[in-house]
Amino acid sequence: MSQRIALTVQGAVMEVSPGIRPYDLELTPAHAVACKVDGEVVDLTRPLERAGAVDFLTFDDDEGKRVFRHSSAHLLAQAVKRLWPQARLGTGPALAEGFYYDIWLPEPLQESDLEQIERAMAEIVAEDLVIERVELEREQALALFAERDEPFKLEIIRRLPEAAVISAYRQGDFIDLCTGPHLPSTGWIKSFRLTNVSGAYWRGEETNPMMTRIYGTSFPEPAQLQQFFERQEAAKRRDHRKLGRELDLVSFFDDAPGFPFWHPKGQQLYRVLEGFSRDLQQQNGYQEVSTPWIYRVGLWQRSGHWDHYRDNMFVIDRDDQLMGLKPMNCPGHCLLFGAKTRSYRDLPLRLAEYSPLSRYERSGTLHGLFRVRGFHQDDAHLFVGEEQIGAEMKRVLELVDIVYRAFGMRYDVVFSTRPEDFLGDLSLWQQAESELESVLQRSGLKYRVNPGDGAFYGPKLDFHVIDALDRRWQCATVQLDFQLPVQFDLSYTDQEGKVRRPVIIHRAIMGSIERFLGILIEHYAGAFPLWLAPEQVRVIPITDGQAGYAAAVQGALRERGMRSAIDASNQKLGYKVRAAQLAKVPVMLVVGARDEAQGTVSVRSREVGDLGPRAWPDYLQELVSSAQAPLT
RNA sequence: GCUGACGUAGCUCAGUUGGCAGAGCAGCGGUUUCGUAAACCGCAGGUCGUCGGUUCGAGUCCGACCGUCAGCUCCA
């Protein structure tokens, strides 16, 4: 057989015999875990039959990482089957940071069982079992998994489209339904650890059986596993629940689960943040209002919340009347808009509100400041004419950019379209979606479409900010609403005297201010920039001989609106400096006898350390100007 | 809400086969008056999450509830 095929391997053209495995090509890098053949990710052991382009993937590529972790999930499943033959396999995907496998077991696992599973996994790695791809006809696949008594796998096969290629991967006595690709053998998984177990419903539905989900992570090199755990520790040190307590910002009590108690410092921080938003919005033509927090149920029925959001509402039953605490401000703002005749001259009408909102969240979902039951948003509803949507959306996108830039955060945009559980008629939805999409395209922002994830009343844009540890958080949300104006029969008179229906843009930029503060705590690791820090300056007299001078320094700081404290404790300087560093106060002003005599303050920066003495009234001006909010 | 784990002083944690509830830090008092990340001595601080059960005796064993944590689900 002299027939040869031409391959373009990593850009280099070569001729090979058909059927060769990518793994056996001369150019295969030592660290390859999978490869791409004409763009399709495949096993290193998949025979190459036709001419094409071959590119290799290593663990450093996201797709390569996925292959590695997916094979790790199979390894986990095989180990569990060895230990518990009655285990039934669900699904086991790769995650960004590792993998999991959902497995049905007669008895739920405990964390202490993980060690013996890890041991069984290590044995399978030592056996270095070849991982082999098998393609099956539908009937063969059904027969195979029926014989192996894997009901969940059978369910998956039955749901596969007619035309689907059904494949399975075999390693030793273990075989799993899987599209792959996988590593060539189990011996490649040099370094892994199981991290935790939890319950998870089959296919994510509460009515389905509860599976045991086992999480783990894996790497080609032990050092990488070590680094992974170090990163986890770093994230743990920044946890806002821990820092919130340590920095005396916020706490929770059993008596009010899901409702934060803001301590003086936390409340200060909160007010600076809210003030920043308030000033910015005022400059941008928003008008702040304050509306009730309890409404009769009729309002919620009219707004659609009763049908679509009731499970998330706190409801009060008084005097045979149902009342609901507001989870959102929109219906109140609609009442205000509709309370008088409006003309095109009033539009866009931008109503902002920072009032308390409450949402009933199931107990298991509460999570520090990230998921609470009582919170506030930097919320606004923009009542606009249809022709104003584009221009107004553009202004909102600009505002979002200003806010996130102020905190040095990058962000992604997600465009979510019509969900199954939608209100109103299809044509209005289509109009709203195309309107939003064209604004997005003109803005030049990069965005991703998330079909079916919109609110029940309209399509939306979600903004995911990226924090200092590269984690993504959903904060801003901008929702176009063609439905609520109909429910509330809102109207305005246009230039020609015709009555027209306004459109509502719901928008929040920080989203929940509580949650945003939690994100900021983690983003800054509690070391807030000067303009945000609840205590901006700590004055540290070296001995109590400088009590009077320290008080004078603080007096001057107060006069210029700087937030400060004096550490008059009976301690040595080193102790007070340490205390201020641990409290993450950005600026320390050490005042000793020398400073008092010379009219100076000895400045210490939280980040840089000792900056030496500075002439006092001059330095105050410098401090004040560097404490300005980054408004532009 | 569901699965699993956890709940001891303000914080971090120890507490043996069921037998007198402990430490460090923080706090308070005193001594020291000190120049850039922890001076010294002393004092005080707990209904061991709550309620019930087993036991001569429960922080420890059992049950229910509450809360927290890791997830599921949901979402700002």
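So that the names make sense, note that chain A is the first sequence line, chain B the second, and so on, each numbered from 1. Only heavy atoms go into these numbers, but all of them, side chains included; no hydrogens, no water, no symmetry mates.
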Lys/Arg N to Asp/Glu carboxylate O, A/Glu361 vs A/Arg371, below 4.0 Å: yes

Salt-bridge criterion met for A/Arg471 and A/Glu522 (N-O under 4.0 Å):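 Salt bridge between A/Arg471 and A/Glu522, a charged N being under 4.0 Å from a carboxylate O: yes.
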
Rounded to the nearest Å, what distance is computed from the [atom1] atom of residue [X] to the [atom2] atom of nucleotide [N]?
X	N	atom1	atom2	value
A/Leu95	B/C72	CG	P	9 Å
A/Tyr215	B/A5	OH	C1'	15 Å
A/Arg373	B/C75	CZ	C1'	14 Å
A/Gln581	B/U36	CD	C1'	9 Å
A/Lys584	B/A37	NZ	C1'	12 Å
A/Leu520	B/A76	CG	P	19 Å
A/Arg245	B/C13	CZ	C1'	13 Å
A/Met211	B/C2	CE	P	20 Å

Tell me which nucleotide among [options] gets nearest to the side chain of [X].
X	options	result
A/Val590	B/G67, B/U36, B/A39	B/U36
A/Arg594	B/A76, B/C74, B/G35	B/G35
A/Tyr575	B/A26, B/A37, B/C72	B/A26
A/Val577	B/U36, B/A76, B/G1	B/U36
A/Leu366	B/A37, B/U68, B/C72	B/U68
A/Asp544	B/C34, B/U33, B/G35	B/U33
A/Thr365	B/U73, B/C34, B/A37	B/U73
A/Pro257	B/G67, B/A37, B/A39	B/G67
A/Arg371	B/A76, B/C34, B/U73	B/A76

Report which part of the nucleic acid [X] touches: base, sugar-phosphate, or nothing (heavy-atom distance under 4.0 Å, all strands).
X	value
A/Tyr100	nothing
A/Glu514	nothing
A/Ala593	base
A/Thr195	nothing
A/Gln571	base
A/Gly574	sugar-phosphate
A/Asp595	base

Using atom [atom1] of each nucleotide, how far apart are [N] and [M] to the nearest Å?
N	M	atom1	answer
B/U17	B/C62	P	15 Å
B/C51	B/U8	P	16 Å
B/A5	B/G57	P	30 Å
B/G59	B/C48	C1'	5 Å
B/G7	B/G63	P	16 Å
B/U50	B/A58	P	15 Å
B/C74	B/G10	C1'	35 Å
B/G49	B/U12	P	15 Å

Main-chain N/O of A/Gly452 paired to A/Thr417 side chain as donor or acceptor, under 3.5 Å: yes

Side chain A/His523, main chain A/Ala468, donor-acceptor under 3.5 Å: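 Flag set: sc A/His523 to bb A/Ala468 pair under 3.5 Å.
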
[N], OP1 or OP2 - any side-chain N/O from [X] closer than 4.0 Å?
X	N	answer
A/His367	B/C75	no
A/Tyr309	B/A76	no
A/Lys460	B/A76	yes
A/Arg213	B/A70	no

Check: B/U36 base within 3.5 Å donor-acceptor of A/Arg578 side chain: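 No, the side chain and the base share no sub-3.5 Å donor-acceptor pair.
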
Geometric cation-pi criterion A/Arg69 and A/Phe219, 6.0 Å radius, 45° cone: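 Flagged: A/Arg69 positioned over aromatic ring of A/Phe219.
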
Lys NZ or Arg CZ of A/Arg213 over A/Tyr100 ring: under 6.0 Å, within 45°: yes

Check: A/Phe99 ring centre within less than 6.0 Å of A/Phe192 ring centre: no

Within the 6.0 Å centroid threshold, strictly below: A/Phe516 and A/Trp473: no

What is the pairing partner of [N], taking Watson-Crick or G-U wobble pairs with both distances under 3.5 Å in any strand?
N	value
B/C6	B/G67
B/U16	none
B/G45	none
B/A38	none

RNA chain B: 5'-proximal contact among A/Gly258 and A/Tyr360 (nearest heavy atom): A/Tyr360

Toward the 5' end of RNA chain B, by each residue's nearest nucleotide, A/Arg241 or A/Val591: A/Val591

Residue pair A/Glu353, A/Ser355: steps toward the side-chain hydrogen bond (donor to acceptor under 3.5 Å, both in side chains) verdict: CA-CA 6 Å; A/Glu353 181 154 3; A/Ser355 309; 2.3 Å; yes

